[in-house]
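What follows is a short report on a single structure.
No experiment lies behind these values; they were computed from the predicted model shown. Chain letters run A, B, ... following the sequence lines, proteins first and then strands; every chain starts at 1.
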There are 2 protein chains.
Amino acid sequence: MQKIESPKNEQIKQIKKLQQKKYRQQQGRYLLEGWHSIKEALNNQPEKIKLLLVEADYLATVAPLAEQATGAQLIEITPRVTEVLSETVHPEGVFAVIDNQATVVEQNDQPRPWLVLDRVQDPGNAGTMVRTADAAGFAGVVFSEGGIDPWNSKVVRSMQGSQFHLQVLQVPDLKTWLLAQRTAGYQLLGTLVDPNATDMRAFQPASGAYALVLGNEAHGMAPELAAEMDVNLYVPIFGHAESLNVAIAAAILMYQLQLN
Amino acid sequence: MQKIESPKNEQIKQIKKLQQKKYRQQQGRYLLEGWHSIKEALNNQPEKIKLLLVEADYLATVAPLAEQATGAQLIEITPRVTEVLSETVHPEGVFAVIDNQATVVEQNDQPRPWLVLDRVQDPGNAGTMVRTADAAGFAGVVFSEGGIDPWNSKVVRSMQGSQFHLQVLQVPDLKTWLLAQRTAGYQLLGTLVDPNATDMRAFQPASGAYALVLGNEAHGMAPELAAEMDVNLYVPIFGHAESLNVAIAAAILMYQLQLN
C-alpha cells in the first residue's frame with residue numbers, strides 16, 4: 001500500500017484542487033470526507049470510489065470494506081496531509097475521491113418521483129433536500145446550472161451519504177429535462193409561495209411518476225418554468241410567517257405527496 | 001434625535017456586548033439586525049423594542065413605523081457604527097435592541113400546540129424550527145437550558161421575524177414545564193428515531209392542546225423525557241437515509257399533526 005507523508009506531494013495537490021468547482025467539472029470527481037459518508041459509498045456504490053485516503057488509525061476499520069471497492073486505490077496518509085485536505089473542524093482523517101457521474105439505473109416497474117432544484121443557492125438547503133428526498137423514497141434529485149454545485153463540500157456534508165442511495169444529476173437546461181420527463185409520462189409539479197396556487201391538500205399525483213420543482217430561496221421558481229407545470233402547489237400557512245425555508249417546504253411537500 | 005458617529009461610543013460598546021449570551025441574560029435583551037425582522041417587531045410587538053439604531057439612508061423608511069414603538073429610542077448611526085455591530089456580510093445598517101421576555105398572552109378558546117426543543121444545538125436548525133412553528137400555527141416554541149440560546153444572532157436570523165408572531169421561551173427544566181402542561185390538559189408527544197415507536201400516520205392528537213418534543217441532533221430526546229410522554233412518534237423512512245435533519249423532522253410532524 002502506498003503511503004503519502006507530505007502535504008506537498010503532487011497527488012495530494014491534485015486532490016486538493018477538487019475543492020474547486022472548476023477542477024471537479026474537469027475531472028468528473030469530487031472529494032468526500034468523513035467515515036459515515038464513505039461507509040455509505042463502500043456499502044452502496046463501491047464502483048464510484050477512485051481513491052481512499054486513510055490515516056493509520058482508521059486503516060483497520062476501512063480496509064475490510066475497501067475490498068469491495070475494486071477500482072479504488074487505498075493510500076495511507078499522515079495527519080499533516082489530513083490538515084491540508086480537510087474542510088471540517090474535527091477531521092477524522094478519512095477521505096475518498098468519488099466519480100460524480102450518475103449511475104444509470106434500470107427503469108423500475110414502480111416509477112418513483114424526482115425532486116428538482118431550480119437555482120437553489122444555499123449548500124445546507126441543497127444537501128438537506130437530497131437527504132430528505134432519500135428518506136421520502138424519491139428516485140433522485142436534479143440540480144440546475146446557476147444554482148449551487150451538488151459536489152460543493154458543504155452540500156456533500158449535508159447529504160450525509162444519501163447521494164449513494166439515489167441519483168444526483170446536474171443538467172444544463174431544466175426545462176428541456178422536465179419536458180422530456182413529461183414525454184416519458186411524468187406529471188410536472190411546481191411550487192409557488194402564492195395562496196392562489198393549488199393547496200397541496202387538494203392535489204394527489206396520479207402515480208409515483210412525477211417531478212416536484214422547488215425554486216431559488218429569494219426568487220422562487222422561474223416564471224417560464226412555472227408556466228410549463230401541470231400544477232403549481234403551495235404549502236398552506238396557518239400562522240403569520242411569510243414563507244417557509246425551501247428545504248422545509250420541500251420536505252413537507254415530499255411527505256405529503258408520498259403519503260397521499 | 002440622538003446621533004452616534006463613533007463605534008467607540010460607550011452606548012454602542014454596551015449594545016455590542018449583547019452578541020454574548022452572558023450579557024443577553026444579564027440585560028434580558030438581544031440585538032436584532034435587518035429590516036425584515038425589525039419591521040415584524042414594529043408591526044407585531046412594538047412594545048418589545050427598546051432601541052432603534054438606523055443609518056441615515058434608512059431613516060425615512062423606519063421613522064413612520066417607529067412611532068408605534070413608543071418605548072423605543074430612535075438613534076441615527078454611521079456606517080462605521082454598523083461595521084462594529086453587524087454580524088452579516090452585507091449589513092443594511094438597521095438594528096434594534098429587543099426585550100427577550102415572552103409576552104404573556106391570554107388563553108385562547110382554541111388551544112394551540114407548542115414545539116419543544118430538547119437541547120437542539122445548531123442555530124440554523126433552531127431558528128428554522130421557530131419559523132416553521134409559526135407557519136404551522138403553533139402557539140410557541142420552548143428552548144431548554146443546555147441547548148442553543150434562542151437569542152443567539154444566528155438563531156434569530158433564521159427565525160426571520162417569527163419570534164414576533166408566537167411565544168419563544170427558554171425554561172430551566174423541560175420536564176417540569178412539560179408536566180405542568182399535562183396538568184393543564186395538554187398531550188405530551190415525543191419523537192424517536194425508532195421504527196418501534198408510533199408511526200406518525202397512526203396517531204391523531206385529541207385537540208390542538210399538545211406539546212411536540214424534538215431532541216438533540218446527535219442524541220435525540222433524553223430517555224428520561226421520552227419515558228414521560230403520552231406517545232413517542234417517528235417519521236417513516238421510505239428510502240435508505242438513516243434519519244432526517246431535526247428541523248425537517250419537526251416540519252413534517254408539525255404539518256402532519258395540524259392537517260390530520
Side-chain angles (χ1 to χ4, degrees), chain A residues 36-37 39-40 43-45 112-113 122-125 127-141 158-166 193 199-201 208 217 234-260, chain B residues 36-37 39-40 43-45 112-113 122-125 127-141 158-166 193 199-201 208 217 234-260:
Chain A
H36 174 79
S37 292
K39 194 170 55 180
E40 292 301 308
N43 285 330
N44 293 281
Q45 300 190 337
R112 290 189 299 147
D122 180 81
N125 282 343
T128 299
M129 288 159 95
V130 171
R131 182 178 170 195
T132 311
D134 175 14
F138 273 47
V141 181
S158 295
M159 289 182 187
Q160 298 240 346
S162 282
Q163 72 268 39
F164 303 111
H165 304 151
L166 46 59
V193 183
D199 188 318
M200 68 174 191
R201 294 171 288 183
E217 285 86 347
Y234 91 101
V235 179
I237 303 271
F238 302 106
H240 301 284
E242 276 180 22
S243 64
L244 290 159
N245 165 284
V246 67
I248 296 291
I252 293 169
L253 281 160
M254 286 193 276
Y255 266 81
Q256 173 75 13
L257 292 165
Q258 288 288 69
L259 296 180
N260 249 342
Chain B
H36 174 80
S37 292
K39 195 171 55 179
E40 292 302 307
N43 285 330
N44 293 280
Q45 301 189 335
R112 289 189 298 148
D122 180 80
N125 282 342
T128 300
M129 288 160 94
V130 171
R131 182 178 171 196
T132 311
D134 174 14
F138 274 47
V141 181
S158 295
M159 289 182 189
Q160 299 241 347
S162 282
Q163 71 269 38
F164 304 111
H165 305 151
L166 46 58
V193 184
D199 188 318
M200 68 174 190
R201 293 171 287 182
E217 286 85 347
Y234 90 101
V235 179
I237 303 271
F238 302 105
H240 302 283
E242 278 180 20
S243 64
L244 291 158
N245 165 284
V246 66
I248 297 291
I252 293 169
L253 281 161
M254 286 192 277
Y255 267 80
Q256 172 74 14
L257 292 166
Q258 288 289 69
L259 296 180
N260 250 341

Check your understanding: Among B:Pro236, B:Ala133, B:Ala250, which residue forms the greatest number of heavy-atom pairs with chain A at distances under 4.5 Å?
Key -> B:Pro236
Check your understanding: When heavy-atom pairs shorter than 4.5 Å are enumerated against chain A, which of B:Asn245, B:Ile237, B:Leu244 gives the highest number?
Key -> B:Leu244
Review point. Out of A:Gly161, A:Ser243, A:Gly124, A:Ser162, which one racks up the most heavy-atom pairs below 4.5 Å with chain B?
Key: A:Ser243
Practice item. Check whether any side-chain N or O of A:Tyr255 sits under 3.5 Å from a backbone N or O of B:Ala249 as a donor-acceptor pair, and report yes or no. Key: no
Exercise for review: Check whether any side-chain N or O of B:Asp134 sits under 3.5 Å from a backbone N or O of A:His240 as a donor-acceptor pair, and report yes or no.
Suggested key: yes
**Study point:** Contacting moiety of A:Met200, where chain B heavy atoms sit under 4.5 Å
**Key:** side chain
Check your understanding: Considering only heavy atoms, which portion of A:Thr132 lies under 4.5 Å from any heavy atom of chain B: side chain, backbone, both, or neither?
Key -> both
Revision key, fill the gap. When the 4.5 angstrom heavy-atom criterion is applied to B:Gln160 and chain A, the contacting part is neither
Point to revise | Which portion of A:Gln256 sits near chain B, non-hydrogen atoms under 4.5 angstrom | key: side chain
Check your understanding: Which atoms of B:Ser158 come close to chain A, meaning under 4.5 Å heavy atom to heavy atom: side chain ones, backbone ones, both, or neither?
Key -> neither
Practice item. Under the side chain to side chain contact (heavy atoms under 4.5 Å, CB included) rule, what do B:Leu259 and A:Phe238 come out as? Steps first, then yes or no, please. Key: CA-CA 10 Å; B:Leu259 296 180; A:Phe238 302 106; 3.5 Å; yes
Point to revise | A:Glu242 vs B:Glu40, side chain to side chain contact (heavy atoms under 4.5 Å, CB included): CA-CA, chis, key distance, verdict | key: CA-CA 10 Å; A:Glu242 276 180 22; B:Glu40 292 302 307; 3.7 Å; yes
Check your understanding: Considering only heavy atoms, which portion of A:Ile248 lies under 4.5 Å from any heavy atom of chain B: side chain, backbone, both, or neither?
Key -> both
